[in-house]
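What follows is one structure encoded as C-alpha coordinates, with my remarks underneath.
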Amino acid sequence: SQTIHQWPATLVQPVGSPLSLECTVEGTSNPNLYWYRQAAGRGLQLLFYSVGIGQISSEVPQNLSASRPQDRQFILSSKKLLLSDSGFYLCAWEAGTLGEQYFGPGTRLTVT
Amino acid sequence: AQSVTQLGSHVSVSEGALVLLRCNYSSSVPPYLFWYVQYPNQGLQLLLKYTTGATLVKGINGFEAEFKKSETSFHLTKPSAHMSDAAEYFCAVIGVQGAQKLVFGQGTRLTINP
(Lines give C-alpha, C1' and ligand atoms only; values in the text may rest on other atoms or scores of the structure.)
Protein backbone atom coordinates (compact mmCIF):
# COMPACT_ATOMS: atom_id res chain seq x y z
CA SER A 1 0.00 0.00 0.00
CA GLN A 2 1.01 3.58 -0.48
CA THR A 3 2.14 5.83 2.33
CA ILE A 4 3.24 9.44 2.42
CA HIS A 5 5.61 10.92 4.95
CA GLN A 6 6.34 14.49 5.89
CA TRP A 7 8.95 15.86 8.23
CA PRO A 8 9.42 17.55 10.44
CA ALA A 9 6.01 17.47 12.08
CA THR A 10 6.49 20.86 13.72
CA LEU A 11 9.02 23.61 13.19
CA VAL A 12 9.65 26.98 14.79
CA GLN A 13 11.95 29.22 12.79
CA PRO A 14 12.99 32.89 13.10
CA VAL A 15 12.25 35.39 10.37
CA GLY A 16 14.97 35.39 7.75
CA SER A 17 16.08 31.82 8.34
CA PRO A 18 16.04 29.14 5.62
CA LEU A 19 13.45 26.39 5.32
CA SER A 20 13.45 22.84 4.04
CA LEU A 21 10.41 20.58 4.32
CA GLU A 22 10.53 17.09 2.93
CA CYS A 23 7.85 14.80 1.59
CA THR A 24 8.34 11.22 0.44
CA VAL A 25 5.90 8.70 -0.98
CA GLU A 26 6.20 4.93 -0.79
CA GLY A 27 4.47 2.21 -2.73
CA THR A 28 3.90 4.03 -6.00
CA SER A 29 5.97 5.27 -8.89
CA ASN A 30 5.88 8.52 -10.87
CA PRO A 31 3.12 10.11 -8.79
CA ASN A 32 1.95 13.66 -9.26
CA LEU A 33 2.97 15.52 -6.11
CA TYR A 34 1.54 18.65 -4.53
CA TRP A 35 2.41 21.17 -1.81
CA TYR A 36 -0.43 23.03 -0.10
CA ARG A 37 -0.52 25.58 2.69
CA GLN A 38 -3.25 26.24 5.22
CA ALA A 39 -3.07 29.51 7.09
CA ALA A 40 -4.91 29.60 10.42
CA GLY A 41 -8.64 29.29 9.85
CA ARG A 42 -8.27 29.26 6.08
CA GLY A 43 -8.73 26.78 3.29
CA LEU A 44 -6.10 25.04 1.21
CA GLN A 45 -3.80 27.06 -1.01
CA LEU A 46 -1.99 25.14 -3.74
CA LEU A 47 1.65 26.19 -3.82
CA PHE A 48 3.43 23.81 -6.21
CA TYR A 49 2.82 20.65 -8.12
CA SER A 50 5.08 18.26 -9.97
CA VAL A 51 4.38 15.68 -12.65
CA GLY A 52 7.90 14.26 -12.68
CA ILE A 53 11.52 14.61 -11.60
CA GLY A 54 12.71 18.18 -12.04
CA GLN A 55 9.29 19.34 -13.26
CA ILE A 56 7.79 21.97 -10.95
CA SER A 57 4.84 24.25 -11.53
CA SER A 58 4.26 27.21 -9.24
CA GLU A 59 0.76 28.38 -8.50
CA VAL A 60 1.48 31.38 -6.31
CA PRO A 61 4.48 33.76 -6.61
CA GLN A 62 6.19 34.03 -3.24
CA ASN A 63 9.51 33.42 -1.52
CA LEU A 64 9.04 29.66 -1.50
CA SER A 65 10.42 27.16 -4.00
CA ALA A 66 10.03 23.45 -4.59
CA SER A 67 12.22 20.72 -6.00
CA ARG A 68 11.80 17.11 -6.95
CA PRO A 69 15.22 15.48 -6.95
CA GLN A 70 13.86 11.93 -6.98
CA ASP A 71 10.70 10.31 -8.25
CA ARG A 72 9.07 10.02 -4.82
CA GLN A 73 10.65 12.98 -3.04
CA PHE A 74 9.28 16.50 -2.98
CA ILE A 75 10.99 19.33 -1.11
CA LEU A 76 9.68 22.77 -0.17
CA SER A 77 12.30 25.41 0.51
CA SER A 78 12.84 29.04 1.32
CA LYS A 79 16.03 31.07 1.55
CA LYS A 80 14.54 33.62 3.97
CA LEU A 81 11.32 33.01 5.86
CA LEU A 82 8.70 35.71 6.38
CA LEU A 83 6.16 35.91 9.19
CA SER A 84 3.47 35.29 6.60
CA ASP A 85 4.98 31.90 5.80
CA SER A 86 3.57 30.50 9.04
CA GLY A 87 0.98 27.83 8.49
CA PHE A 88 0.27 24.15 8.09
CA TYR A 89 2.01 22.65 5.07
CA LEU A 90 0.56 19.59 3.44
CA CYS A 91 2.05 17.33 0.81
CA ALA A 92 -0.19 15.15 -1.33
CA TRP A 93 0.17 12.60 -4.07
CA GLU A 94 -2.31 11.95 -6.83
CA ALA A 95 -3.62 8.49 -7.54
CA GLY A 96 -4.16 7.48 -11.14
CA THR A 97 -6.27 9.59 -13.46
CA LEU A 98 -9.32 10.18 -11.27
CA GLY A 99 -7.83 13.22 -9.58
CA GLU A 100 -8.11 12.00 -6.02
CA GLN A 101 -5.27 13.03 -3.80
CA TYR A 102 -3.87 11.48 -0.65
CA PHE A 103 -2.35 13.70 1.97
CA GLY A 104 0.54 13.46 4.34
CA PRO A 105 0.27 14.31 8.05
CA GLY A 106 1.45 17.87 7.54
CA THR A 107 4.12 20.17 9.00
CA ARG A 108 3.15 22.98 11.36
CA LEU A 109 5.52 25.91 10.68
CA THR A 110 5.66 28.88 13.01
CA VAL A 111 7.84 31.80 11.97
CA THR A 112 8.74 34.04 14.92
CA ALA B 1 -12.34 26.02 -15.05
CA GLN B 2 -13.81 24.58 -11.88
CA SER B 3 -14.85 26.16 -8.61
CA VAL B 4 -16.42 25.00 -5.37
CA THR B 5 -18.62 26.83 -2.89
CA GLN B 6 -19.28 25.41 0.54
CA LEU B 7 -22.24 27.11 2.14
CA GLY B 8 -21.54 27.78 5.78
CA SER B 9 -18.03 28.00 7.14
CA HIS B 10 -19.29 26.65 10.45
CA VAL B 11 -22.09 24.15 11.10
CA SER B 12 -23.18 23.06 14.56
CA VAL B 13 -25.47 20.09 15.25
CA SER B 14 -26.47 18.07 18.27
CA GLU B 15 -25.21 14.56 18.80
CA GLY B 16 -27.61 12.16 17.08
CA ALA B 17 -28.97 14.82 14.72
CA LEU B 18 -28.71 14.87 10.94
CA VAL B 19 -25.51 16.29 9.49
CA LEU B 20 -25.86 18.23 6.23
CA LEU B 21 -22.85 20.00 4.72
CA ARG B 22 -23.53 21.84 1.48
CA CYS B 23 -21.33 21.94 -1.57
CA ASN B 24 -22.06 23.50 -4.94
CA TYR B 25 -19.65 23.30 -7.83
CA SER B 26 -19.08 24.95 -11.15
CA SER B 27 -17.47 23.05 -13.99
CA SER B 28 -17.39 23.50 -17.74
CA VAL B 29 -16.74 19.77 -18.20
CA PRO B 30 -18.11 16.69 -16.42
CA PRO B 31 -16.77 16.71 -12.89
CA TYR B 32 -15.37 14.24 -10.44
CA LEU B 33 -16.30 15.27 -6.90
CA PHE B 34 -14.74 14.51 -3.52
CA TRP B 35 -15.27 15.09 0.17
CA TYR B 36 -12.33 15.17 2.54
CA VAL B 37 -12.23 15.37 6.34
CA GLN B 38 -9.48 16.99 8.39
CA TYR B 39 -9.09 16.43 12.12
CA PRO B 40 -7.06 18.99 14.09
CA ASN B 41 -3.37 19.07 13.19
CA GLN B 42 -3.74 16.22 10.71
CA GLY B 43 -3.73 15.84 6.96
CA LEU B 44 -6.86 15.47 4.87
CA GLN B 45 -8.52 12.06 4.60
CA LEU B 46 -10.69 11.06 1.67
CA LEU B 47 -14.27 10.47 2.82
CA LEU B 48 -15.92 9.62 -0.49
CA LYS B 49 -15.83 10.34 -4.19
CA TYR B 50 -18.13 10.53 -7.19
CA THR B 51 -16.70 9.68 -10.58
CA THR B 52 -19.35 8.02 -12.74
CA GLY B 53 -22.33 5.75 -12.26
CA ALA B 54 -24.50 5.82 -9.16
CA THR B 55 -25.12 9.37 -8.03
CA LEU B 56 -25.49 8.44 -4.37
CA VAL B 57 -22.09 7.50 -3.03
CA LYS B 58 -21.30 6.09 0.36
CA GLY B 59 -18.12 6.76 2.22
CA ILE B 60 -16.40 6.01 5.45
CA ASN B 61 -17.78 6.74 8.92
CA GLY B 62 -21.42 6.55 7.74
CA PHE B 63 -21.25 9.56 5.45
CA GLU B 64 -22.82 9.72 2.02
CA ALA B 65 -23.23 12.32 -0.70
CA GLU B 66 -25.48 12.69 -3.71
CA PHE B 67 -24.40 14.14 -7.03
CA LYS B 68 -27.18 16.28 -8.48
CA LYS B 69 -26.19 17.56 -11.88
CA SER B 70 -29.28 19.73 -12.31
CA GLU B 71 -28.49 21.52 -9.06
CA THR B 72 -24.68 21.38 -9.47
CA SER B 73 -24.55 20.11 -5.91
CA PHE B 74 -22.75 17.42 -3.97
CA HIS B 75 -24.03 17.74 -0.39
CA LEU B 76 -22.61 15.55 2.35
CA THR B 77 -24.96 13.92 4.86
CA LYS B 78 -24.91 11.61 7.83
CA PRO B 79 -28.15 10.49 9.51
CA SER B 80 -26.89 10.65 13.09
CA ALA B 81 -23.97 12.78 14.22
CA HIS B 82 -21.36 11.42 16.57
CA MET B 83 -18.99 13.42 18.72
CA SER B 84 -16.08 11.98 16.72
CA ASP B 85 -17.44 13.67 13.56
CA ALA B 86 -16.25 17.06 14.78
CA ALA B 87 -13.72 18.16 12.17
CA GLU B 88 -13.20 20.35 9.10
CA TYR B 89 -14.76 19.09 5.88
CA PHE B 90 -13.63 20.03 2.38
CA CYS B 91 -15.45 19.54 -0.89
CA ALA B 92 -13.32 19.32 -4.04
CA VAL B 93 -13.89 19.10 -7.79
CA ILE B 94 -11.82 18.19 -10.80
CA GLY B 95 -12.80 18.32 -14.45
CA VAL B 96 -12.39 15.02 -16.27
CA GLN B 97 -11.24 16.51 -19.52
CA GLY B 98 -7.93 18.17 -20.21
CA ALA B 99 -5.13 18.95 -17.77
CA GLN B 100 -7.17 19.74 -14.68
CA LYS B 101 -6.21 20.18 -11.05
CA LEU B 102 -8.24 19.43 -7.97
CA VAL B 103 -9.99 22.55 -6.68
CA PHE B 104 -11.00 22.72 -3.01
CA GLY B 105 -13.74 24.63 -1.28
CA GLN B 106 -12.94 26.79 1.73
CA GLY B 107 -14.05 24.17 4.18
CA THR B 108 -16.84 23.78 6.74
CA ARG B 109 -16.06 23.31 10.40
CA LEU B 110 -18.50 20.86 11.96
CA THR B 111 -19.13 21.11 15.70
CA ILE B 112 -21.11 18.46 17.57
CA ASN B 113 -22.97 19.50 20.68
CA PRO B 114 -23.53 16.88 23.40
Side-chain angles (χ1 to χ4, degrees), chain A residues 1-12 21 23-25 31-52 55-60 74 86-110, chain B residues 1-10 21 23 25 27 29-53 57 59-60 65 67 74 87-111:
Chain A
S1 64
Q2 300 84 10
T3 55
I4 180 169
H5 304 280
Q6 286 186 246
W7 62 88
T10 59
L11 192 59
V12 180
L21 303 182
C23 169
T24 58
V25 182
N32 289 344
L33 296 172
Y34 299 81
W35 277 112
Y36 292 88
R37 177 170 62 198
Q38 274 185 303
R42 305 287 294 276
L44 290 164
Q45 179 186 32
L46 178 62
L47 302 176
F48 302 94
Y49 68 96
S50 171
V51 299
Q55 300 179 64
I56 308 295
S57 296
S58 173
E59 289 293 302
V60 182
F74 204 23
S86 293
F88 193 50
Y89 288 81
L90 290 160
C91 180
W93 70 278
E94 186 174 33
T97 59
L98 296 181
E100 62 194 77
Q101 293 181 15
Y102 293 91
F103 287 79
T107 295
R108 173 76 58 193
L109 172 65
T110 303
Chain B
Q2 289 75 43
S3 66
V4 176
T5 301
Q6 292 185 237
L7 300 176
S9 59
H10 195 175
L21 304 183
C23 172
Y25 71 91
S27 178
V29 298
Y32 289 163
L33 294 155
F34 307 86
W35 274 101
Y36 285 85
V37 60
Q38 184 181 31
Y39 299 101
N41 294 310
Q42 295 185 27
L44 277 68
Q45 180 182 6
L46 182 64
L47 263 181
L48 49 79
K49 62 184 178 184
Y50 168 78
T51 54
T52 58
V57 293
I60 61 172
F67 170 59
F74 191 56
E88 187 95 17
Y89 291 80
F90 293 92
C91 182
V93 64
I94 189 170
V96 301
Q97 296 175 5
Q100 309 283 353
K101 291 190 294 293
L102 198 59
V103 175
F104 287 87
Q106 285 301 299
T108 297
R109 180 166 299 277
L110 176 64
T111 301

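Every chain is numbered from 1, with letters handed out A, B, ... down the list of sequences.
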Between A:E94 and B:I94, does a side-chain contact (heavy atoms from CB on, under 4.5 Å) hold up when you go through it step by step? CA-CA 12 Å; A:E94 186 174 33; B:I94 189 170; 4.3 Å; yes

Going by salt bridge (Lys or Arg N to Asp or Glu O under 4.0 Å), name the pairs with one or both residues in residues 33-46 of chain B, residues two or more places apart or in two chains.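 Found none.
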
Pairs in or reaching into residues 34-52 of chain B: which pass salt bridge (Lys or Arg N to Asp or Glu O under 4.0 Å), with residues at least two apart or in two chains?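 Applying salt bridge (Lys or Arg N to Asp or Glu O under 4.0 Å) to every pair that reaches into residues 34-52 of chain B, excluding sequence neighbours, yields A:E100-B:K49.
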
*Heavy-atom distance under 4.5 Å to chain B: side chain of A:Q6, backbone, both or neither?*
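No part of A:Q6 comes within 4.5 Å of chain B.
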
- Contacting region of A:I4 [heavy-atom separation from chain B under 4.5 Å]: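 Neither part, no heavy atoms under 4.5 Å.
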
task: Working to the nearest 0.5 Å, report the span between CG of B:L102 and CG of A:L44.
output: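 Reported to 0.5 Å precision, the distance equals 9.5 Å.
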
- CD-CZ distance between A:Q101 and B:F104, expressed to the nearest 0.5 angstrom: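 Between atom CD of A:Q101 and atom CZ of B:F104 there are 5.0 Å.
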
Open item on the list: Applying side-chain contact (heavy atoms from CB on, under 4.5 Å) to A:L46 and B:V103, what does each step give before you reach the verdict?
Closed with: CA-CA 9 Å; A:L46 178 62; B:V103 175; over 6 Å; no

ask   = What part of B:L44 lies closer than 4.5 angstrom to a heavy atom of chain A: side chain, backbone, both or neither?
value =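 Both parts, backbone and side chain.
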
Which atoms of B:Q106 are under 4.5 Å from chain A, going by heavy atoms: the side chain, the backbone, both sets, or neither?
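It is both, since atoms from each part get that close.
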
message: Using the rule ring pair (Phe, Tyr, Trp, His ring centres under 6.0 Å), only one of A:Y102, A:F103, A:Y36 pairs with B:Y36; which is it?
response: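 Running ring pair (Phe, Tyr, Trp, His ring centres under 6.0 Å) over A:Y102, A:F103, A:Y36 with B:Y36 returns exactly one hit, A:F103.
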
| request: Quick one: closest heavy-atom pair of B:Q38 and A:F88, and the distance? | output: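 So the minimum-distance heavy-atom pair works out to NE2-CE2, 3.7 Å.
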
